[in-house]
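To keep things clear, I will list the structure first and then write my remarks on it.
So that the names make sense, note that chain A is the first sequence line, chain B the second, and so on, each numbered from 1.
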Amino acid sequence: MAEIRLYNTATRTQEALTPLQPGNVRMYVCGPTVYDRAHLGNARPVVVFDVLFRLLRQAYGADHVTYVRNFTDVDDKINAAALARKEAGVPAPLTDLIRERSDETIGWYHADMDALGALRPTKAPRATDYIAQMIALIDDLITRGHAYVAEGHVLFSVESDSAYGSLSGRSVDDMIAGARVEVAPYKRNPMDFVLWKPSSDDLPGWDSPWGRGRPGWHIECSAMARDLLGESFDIHGGGIDLTFPHHENEIAQSRCAHPDGEYAKIWMHNEMLQVEGKKMSKSLGNFFTVRDLLDQNIPGEVIRFVLLSTHYRKPMDWTEKKVADAVRTLDRWSEVFAACPDLLDEAPVALSGDAEVVTALSSDLNTAGALAALHGMIKRIDQIAVDDAGRTAELRVFLASVSLLGIDLASYAKRFLAGERFLSAEARLDDTEDWVRIKLRTLLEARAEARAAKDYARADFLRDAIISAGIVVKDTADGFDFELTDQYDPAKLEALTP
RNA sequence: GGCGAGUUGGCGGAGUGGUUACGCAGCGGAUUGCAAAUCCGUGCACAUGAGUUCGAUUCUCAUACUCGCCUCCA
């Protein structure tokens, strides 16, 4: 087994993973705030850390990896969504609507991430189930002099933590100088952040020593990680935008409350996702959800493939070309199994996967390198005779290697071999009007007749005409097929005469 | 203003102190009535300047440009 090396944001270097408890790895990843469908950006960390989860399970054993990913179900946006429903006339108490909204969103989230082939984490706690632990943690921080009560709020005192700012590499003074937040007058230091805040009567709230209220954003992760993983654990992950303030504040809370623990040892952050070269952001409104893509008939395996084709620490640009390339690659990989479809129905074998693939993944999750290694494998396999037993053995290793990336090639290939095509000509034609299909069919059949009569001049003339409308004509063993290209233009097709 | 990341061939995208990434596109060949698809083979690169070194795309510094975070955000 190759040594697993991971880039640690906290030290800004790559480090070998050595579990604090030998043979038992503990990982916490910040999960979604469940107010709406997961957008594509939400999917990136899920897929990235799922690959890590799979790698760790293989290296240490499935029962020796604990992966916790939370659901944040205390949030203004959830409240707003519930409030909007109430105002729309839904006759139910607001708290019920809030709970309903969270439940519904969590269900969506699981379904969408399942479609991307992500394994469920070992534990998926909800913040609202850990209010008591949060209150205890806050109480502890007050006792230890790291937090104070002011006007119904409990605030963390950043000046009480000499290490504050170490993860994100900034000093408290720098932060104050560049702060663009309005500073509440009751804060002792402008950077002090909320641990607990009062709740109005019409919003969710819990009784606490400081009155009815609700927790601040950061405390939930500290409380759940403490409860489920302990004071020290191995890996903490999330999007790079969480580095500050979320993770910085988590560290501060946890280390100050548990001075003997070091909280997370390795901090991993995935870079952001862009769409066609532009930042994907809610405020710009150019984002789309995972469900949108699935509904466009883009298979989950394809989405996952694209997400893994760029290293997790680099910004990734989501483009239609990448989707098309991924479809193409998965189609090719599927075709290799045409001669041995039974392999696809075999139960997953306990193979460790190709050494090159494992080495790439072990080197700070080099998923792009792993995909390159898979390309090499398939090339080698292609050169082995179809009836050679060695080919079957190699294909099993190939499948095991692909599944280490969480790409369910067996499922994809079975659908492909059964004739399913994604982004196919037929699928695209389905969106067009009847006359297009009739016209195209007329032209294609006219050409087939010309070919049958060996009137190649006419056949080629017709094919050139169809090509000029952006449609590629293919002759197959049992007839013909066609494919729409980027130049496909219905207007040109309409102008053609047989 | 503060913090951080990046700049690789036509495009996407890894990696390395001296040697092939890989994929797509291109080109040549096999195949085909001719094509398409497929298979085989193949050319093309490391932002700029300086330094360290026997040798740098790879290390150091500077410059330019791009991007992200500092505010809910993965």
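Atom name C1', nucleotides B:C11 and B:A25: the rounded distance is 8 Å, in whole Å. Nucleotides B:A45 and B:G26 have their C1' atoms positioned 16 Å apart, rounded to a whole Å. The C1' atoms of B:U32 and B:G12 are separated by 32 Å, rounded to the nearest whole Å. B:U8 and B:U58 have their C1' atoms separated by 11 Å, with the value rounded to a whole Å. Rounded to whole Å, the C1' atom of B:G9 lies 15 Å from the corresponding atom of B:G15. Rounded to a whole angstrom, the distance from the P atom of B:A56 to that of B:U63 is 23 Å. The gap from the C1' atom of B:G2 to that of B:A47 amounts to 26 Å, rounded to the nearest Å. For the P atoms, the distance from B:A64 to B:U48 is 16 Å, rounded to whole Å.
The aromatic ring centroids of A:Trp196 and A:His153 lie 6.0 Å or more from each other. A:Tyr109 has its ring centre less than 6.0 Å from the ring centre of A:Phe71. A:Tyr263 has its ring centre less than 6.0 Å from the ring centre of A:Phe233.
Residues from residues 245-253 of chain A placing a heavy atom under 4.0 Å of any atom in RNA chain B do not occur.
Residue contacts for A:Gln383: at a heavy-atom cut-off of 4.0 Å it reaches the sugar-phosphate backbone alone, with no base atom in range. As judged by a 4.0 angstrom heavy-atom cut-off over every strand, A:Arg69 is placed among residues making no nucleic acid contact. Within 4.0 Å (heavy atoms only), A:Gly41 reaches at least one base atom of the nucleic acid. Residue A:Leu374 is classed as having no contact, given no heavy-atom separation below 4.0 Å to the nucleic acid. As judged by a 4.0 angstrom heavy-atom cut-off over every strand, A:Lys454 is placed among residues making no nucleic acid contact.
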Revision key, fill the gap. Dot-bracket for RNA chain B, 5' to 3', Watson-Crick and G-U pairs with both distances under 3.5 Å, [ ] for crossing pairs, | for partner on another strand, reads (((((((..(((.....[...))).(((((.......)))))....(((((..]....))))))))))))....
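Closest to the A:Gln274 side chain, of the nucleotides B:C67, B:A74, B:C40, is B:C67. Side-chain atoms of A:Lys322 lie closest to B:G12 of the nucleotides B:A35, B:G12, B:C39. In this structure, of B:C34, B:A14, B:C72, it is B:C72 that holds the atom nearest to the side chain of A:Trp217.
The main-chain N or O of A:Leu229 is found under 3.5 Å from a side-chain atom of A:Arg26 such that the two form a donor-acceptor pair. Formation of a donor-acceptor pair under 3.5 Å by the A:Arg5 side chain with backbone atoms of A:Asp364 is not found in this model. With A:Glu248 contributing its side chain and A:Gly165 its backbone, the two residues share a donor-acceptor pair below 3.5 Å. Remark: side-chain polar atoms of A:Thr367 are paired, donor with acceptor, to backbone N or O of A:Leu308 under 3.5 angstrom. In this structure, the side chain of A:Asn70 does not engage the main chain of A:Arg126 through any donor-acceptor pair within 3.5 Å.
One N or O donor and one acceptor, one from the side chain of A:Asp475 and one from the base of B:C34, sit under 3.5 Å apart. Below the 3.5 angstrom threshold, one finds no donor paired with an acceptor across the side chain of A:Asp241 and the base of B:G68. Side chain A:Arg451 to base B:G33: a donor-acceptor pair is found below 3.5 Å.
Remark on RNA chain B: of its neighbouring residues A:Pro32 and A:His311, the 5'-side contact belongs to A:His311, judged by nearest-heavy-atom nucleotide.
Taking atom CD of A:Glu356 as the reference point, atom C1' of B:A14 lies 13 Å away to the nearest angstrom. Spacing between atom CG of A:Leu167 and atom P of B:C70 amounts to 14 Å, rounded to whole angstrom units. As a whole-Å value, the separation of A:Leu308 CG from B:G12 P is 19 Å. The distance from atom CD1 of A:Ile467 to atom C1' of B:A37 is 13 Å, rounded to the nearest whole Å. When the C1' atom of B:C69 is taken as reference, atom CZ of A:Arg12 falls 12 Å away, rounded to whole Å. If you take CG of A:Leu273 and P of B:C67, they are 16 Å apart, rounded to a whole angstrom. Atoms CZ (A:Arg463) and P (B:A35) sit 8 Å apart, rounded to a whole Å. Rounded to an integer number of Å, the gap from CG of A:Asn270 to C1' of B:G4 is 15 Å.
Both the sub-6.0 Å distance and the 45° axial angle are satisfied by A:Arg313 relative to the ring of A:Tyr7.
Partner of A:Val172 under the side-chain contact (heavy atoms from CB on, under 4.5 Å) criterion, chosen from A:Asn189, A:Asp192, A:Asp161: A:Asn189.
Side chains of A:Thr289 and A:Asp292: a donor on one and an acceptor on the other come within 3.5 Å. A:Glu250 and A:Ser254 form no side-chain donor-acceptor contact under 3.5 Å, judged by distance and modelled atom types alone.
Between B:G13 and A:Thr310, a contact under 4.0 Å exists linking OP1 or OP2 to a side-chain N or O. Between B:G15 and A:Asn366, a contact under 4.0 Å exists linking OP1 or OP2 to a side-chain N or O.
A salt bridge links A:Glu301 with A:Arg415: the distance from a Lys NZ or Arg NE/NH1/NH2 to an Asp or Glu carboxylate oxygen falls below 4.0 Å.
Classified by interplanar angle (parallel below 30°, tilted 30° to 60°, perpendicular above 60°), the ring pair A:His246/A:His218 is tilted.
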Practice item. Classify every nucleotide of nucleotides 21-28 of chain B by which part a protein heavy atom approaches to under 4.0 Å, writing B for the base, S for the sugar-phosphate alone and - for neither, in 5'-to-3' order. Key: BSSSS---
